[in-house]
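FYI, side chains are in, hydrogens and waters are out, and symmetry mates aren't considered; it's all heavy atoms of this structure. Numbers restart at 1 for each chain; the letters A, B, ... are given by sequence-line order, proteins then strands. What you see is a predicted model; the values in this text were computed from it and never measured.
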Protein chains: 2
Amino acid sequence: MLLPVPTYQPKSACSSCNLAEICLPINLSEFETYKLDELSPVKRSFSRSDYLYRSGDKFRSLFAIHSGSFKTQILHEDGREQVTGFQMTGEIIGLDAISTDIHACEAVALEDSVVCELPFNKLEALSREIPTLQRHLHKIMSREIVRDQGIMLLLGSMRAEERLAAFLLNLSQRFAARGLSATQFELRMSRQEIGSYLGMKLETVSRAFSHFQAQGLISVKVRTIEIVNLAGLQACLNSSRS
Amino acid sequence: MLLPVPTYQPKSACSSCNLAEICLPINLSEFETYKLDELSPVKRSFSRSDYLYRSGDKFRSLFAIHSGSFKTQILHEDGREQVTGFQMTGEIIGLDAISTDIHACEAVALEDSVVCELPFNKLEALSREIPTLQRHLHKIMSREIVRDQGIMLLLGSMRAEERLAAFLLNLSQRFAARGLSATQFELRMSRQEIGSYLGMKLETVSRAFSHFQAQGLISVKVRTIEIVNLAGLQACLNSSRS
DNA sequence: CATCATTATTGACATATATCAAACCTGTTT
DNA sequence: AAACAGGTTTGATATATGTCAATAATGATG
């Protein structure tokens with residue numbers, strides 16, 4: 001699989017914000033779980049198109065997506081913007097801001113969403129005390145690096161339809177990891193946003209969808225997608241000539 | 001500036017491998033510097049085109065480039081490959097492997113080079129004891145994320161000549177940060193490698209070089225580059241229409 | 001239900017970049 | 001010095017994707 005799929009542990013009962021299970025799914029001793037409460041994360045709700053943070057905001061916290069989904073994007077001076085990712089339940093957002101203490105990109109809710117705010121100072125302090133947590137935090141950051149490099153491969157060496165196939169297969173896997181259908185799902189983002197993420201124009205995205213449908217690989221009804229021929233879609237990826 | 005320029009502290013005298021100054025340039029107390037010796041990093045030398053590590057290798061250490069330069073690249077099943085970065089003196093390499101304990105990409109020396117091997121277990125243990133080091137490690141990882149996202153912007157929304165201009169300006173800044181000339185330098189990589197990194201074919205890279213030269217922006221003699229009109233080159237970046 | 005704004009689809013055409021091929025350097029080996 | 005190999009430049013042409021424009025869906029609002 002081209003784009004790495006972040007691990008995700010399905011949540012159990014979630015009283016307040018069940019950190020150990022949802023935000024940071026790792027095995028901890030009872031004592032460590034107790035210590036983790038010191039994070040005392042706050043939950044915050046967002047409506048569609050609300051900003052979780054904006055470019056230039058002071059960095060204080062990472063955010064674990066509790067429900068819903070977000071996009072992150074970079075703005076360039078000359079108005080260009082690039083969607084750098086779509087994040088869904090259980091994924092951590094805001095890692096890029098650690099480097100300068102200022103958010104470099106902005107995060108926008110794609111639907112009504114709830115996030116867990118994780119104050120980074122506390123997270124660092126705790127991860128000095130709990131090696132398992134420390135390692136987990138490092139893995140999360142490293143996984144983001146791997147993900148970004150996967151997108152570099154996609155943007156740098158794949159043609160339009162291959163990119164869209166990779167995108168759909170990645171979404172499929174991530175939905176499946178959350179116990180949802182791997183073959184039928186609702187896109188939360190516009191053609192324009194998909195295009196920005198995949199480095200192509202919205203018309204090209206639309207045409208690629210139509211072509212996949214004509215090939216019998218998927219069924220598209222605007223934002224409702226059904227993958228009809230999973231193997232066929234995967235085959236798109238390996239049919240490179242470059 | 002589009003592509004972020006990693007901070008770099010020029011080295012002072014370097015007896016063995018002056019960690020605090022070169023690999024991890026941070027301010028530490030005398031005691032902390034002493035503790036840092038526990039890392040007991042080993043230096044290793046590489047010739048041009050030697051592998052520092054290969055895709056699939058077990059991850060044990062990060063590497064700080066002491067002298068020389070490397071490229072990192074991902075290999076895709078179907079033979080495609082994508083250069084994900086060019087690293088030079090003082091930069092840290094191998095962060096992507098933390099996520100799975102297996103190297104996801106491979107690192108190849110572009111010239112004779114020396115690296116400092118930093119055993120990651122020891123680095124983690126030490127960073128639990130030295131908060132400054134912990135924060136520094138987090139910043140290094142976050143900076144890599146920001147860098148990668150800058151490349152996503154470049155690959156996703158810039159045209160060929162803009163990409164090359166951004167690339168040259170980024171190199172220029174990184175050379176300058178090392179006390180070298182910002183306007184005259186030697187490329188360590190081939191047109192092919194530049195093309196892979198920037199998502200374009202080597203012929204397109206070559207044409208873009210020629211065009212810049214014809215515009216009087218740079219002077220190119222194969223791998224020797226002189227930036228004649230820095231402002232003009234920067235102006236290329238802002239002349240988008242997309 | 002009608003209207004409006006937004007988003008998506010589709011077509012015709014333009015263009016940036018890839019592809020293929022030849023010639024040209026540059027440094028190395030014999 | 002000649003021959004060679006790898007890298008680079010340049011030209012002619014092909015093609016994938018962008019651009020512009022019209023139409024069609026979709027969902028929101030009065």
Can you find a heavy atom in the side chain of F167(A) that is under 4.5 Å from one in the side chain of L198(A)? yes
Assign S190(B) to base, sugar-phosphate, or nothing according to its heavy-atom contacts below 4.0 angstrom with the strands shown. sugar-phosphate
Ignoring backbone atoms, test whether S210(A) places a side-chain nitrogen or oxygen under 4.0 Å from the OP1 or OP2 oxygen of dT10(C). yes
Within this structure, what is the CD-to-P distance between E161(A) and dT15(D), rounded to whole angstrom? 16 Å
Please state how far atom CG in L198(A) lies from atom P in dG18(D), giving the value in whole angstrom units. 11 Å
R48(A) CZ to dT7(C) C1', in whole Å, measures 11 Å
Any side-chain N or O of R223(A) less than 4.0 Å from the OP1 or OP2 oxygen of dA8(C)? yes
Axial cation check for Y51(A) ring with R54(A), 6.0 Å and 45° limits: yes
Calculate the interatomic distance between R191(A) atom CZ and dT17(D) atom P; express it in whole Å. 17 Å
Atom CD of E162(A) to atom P of dA16(D): distance rounded to whole Å? 12 Å
Salt-bridged, E91(A) to R143(A), with N to O below 4.0 Å? no
Can you check whether any acceptor in the base of dG11(C) is under 3.5 Å from a donor in the side chain of R207(A), or vice versa? yes
Are OP1 or OP2 of dT17(C) and a side-chain N or O of T204(B) less than 4.0 angstrom apart? no
May I have the distance from R188(A) (atom CZ) to dG27(D) (atom P), rounded to whole angstrom? 14 Å
Counting side-chain heavy atoms from C-beta on, which of dT26(C), dA18(C), dA21(D) comes nearest to V222(B)? dT26(C)
Measure from the side chain of K201(B), starting at C-beta and using heavy atoms only, and say which of dT19(C), dT17(D), dA8(C) lies closest. dT19(C)
Nearest-Å distance for atom pair CD/C1', residues Q213(A) and dA25(D): 14 Å
Integer-rounded Å distance: dT7(C) P and F209(A) CZ: 16 Å
Go nucleotide by nucleotide along DNA chain D from the 5' end; which of K221(A) and A160(A) gets its closest nucleotide reached first? A160(A)
CZ/R174(A) to OG/S69(A) distance, rounded to the nearest 0.5 angstrom? 9.5 Å
Among dT8(D), dA21(C), dT17(D), find the nucleotide with the atom closest to the side chain of R159(A). dT17(D)
Short side-chain donor-acceptor distance under 3.5 Å, T89(B) and S67(B): no
